[in-house]
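The structure appears right after this line, and notes come after that.
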Amino acid sequence: MTEEGLQHFREVQGKENPVLKRYTIRYELGSARLLQGVSMENCALLYPETQGRSLDEIAAKNGPFFPLCWSAEDNDEISENQVSRMRELVVSEFPLAEPKRQEVRASIMAAIMQAKAAAK
């Protein structure tokens, strides 16, 4: 990551040493499917209808949430269109997923605590 990228995350998170989350690169077959139910994947948080769909279906309909590790278009380079769409996802859509991710975590923790209390 460039210094400019680090500075962006410092400002967004208000931390000198920000948490840097990995942008998933797909090393799976396009036929691999997202799990249904609880998912922490950005595309499932933003677009619940993507649960259970193949990675190829998601890429075609919702954008490069799981970009190929090499380009399917040129076999040499990722297209500028795909790079542009990835930037758009990271800047505009991924931040929208974070509050939803927190809600999912909170509901999971509440269920765990409820189960622990019931077991006593």
Find out whether [X] and [Y] are in side-chain contact, i.e. whether some heavy atom of one side chain is under 4.5 Å from a heavy atom of the other.
| X | Y | value |
| --- | --- | --- |
| Lys61 | Thr50 | no |
| Leu46 | Phe65 | yes |
| His8 | Glu4 | no |
| Arg53 | Leu34 | no |
| Cys43 | Ile58 | yes |

Open item on the list: Please report the interatomic distance OG(Ser92) to CZ(Arg85), rounded to the nearest 0.5 Å.
Closed with: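 Ser92 atom OG to Arg85 atom CZ measures 8.5 Å (nearest 0.5 Å).
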Open item on the list: For the CD1 atom of Ile108 and the CE atom of Met113, what is their distance to the nearest 0.5 Å?
Closed with: 14.0 Å
Open item on the list: Ignoring hydrogens and geometry beyond distance, is a side-chain donor-acceptor pair present between Glu41 and Tyr47 at under 3.5 Å?
Closed with: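 Tyr47 and Glu41 do not have a side-chain donor-acceptor pair below 3.5 Å.
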TODO: Would you kindly say whether Glu11 and Gln7 are connected by a side-chain donor-acceptor distance under 3.5 Å?
DONE: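 Indeed, the side chains of Glu11 and Gln7 share at least one donor-acceptor pair under 3.5 Å.
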TODO: May I ask you to decide whether Glu103 forms a salt bridge with Lys100, counting only side-chain N to carboxylate O separations under 4.0 Å?
DONE: no
Open item on the list: For Glu57, is there an ion pair with Arg33 - N to carboxylate O distance below 4.0 angstrom?
Closed with: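 A salt bridge links Arg33 with Glu57.
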Task: Chi angles and distances behind the side chain to side chain contact (heavy atoms under 4.5 Å, CB included) call for Leu35, Gln51 - done: CA-CA 6 Å; Leu35 296 175; Gln51 294 181 32; over 6 Å; no
Work out which heavy atom in [X] is nearest to a heavy atom in [Y]; give both atom names and the distance.
| X | Y | answer |
| --- | --- | --- |
| Ser39 | Leu45 | O-CD2, 3.5 Å |
| Leu89 | Gly63 | CD1-C, 4.4 Å |
| Pro64 | Met86 | CG-CG, 3.6 Å |

Open item on the list: With a 3.5 Å distance limit and no angle check, can you tell me whether Arg10 reaches the backbone of Lys15 through a side-chain donor-acceptor pair?
Closed with: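 The answer is no, because no donor-acceptor pair under 3.5 Å joins these two groups.
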Open item on the list: Hydrophobic cluster membership, with links at side-chain heavy-atom distances under 4.5 Å among I/L/V/M/F/W/Y: are Val104 and Met109 in one?
Closed with: yes
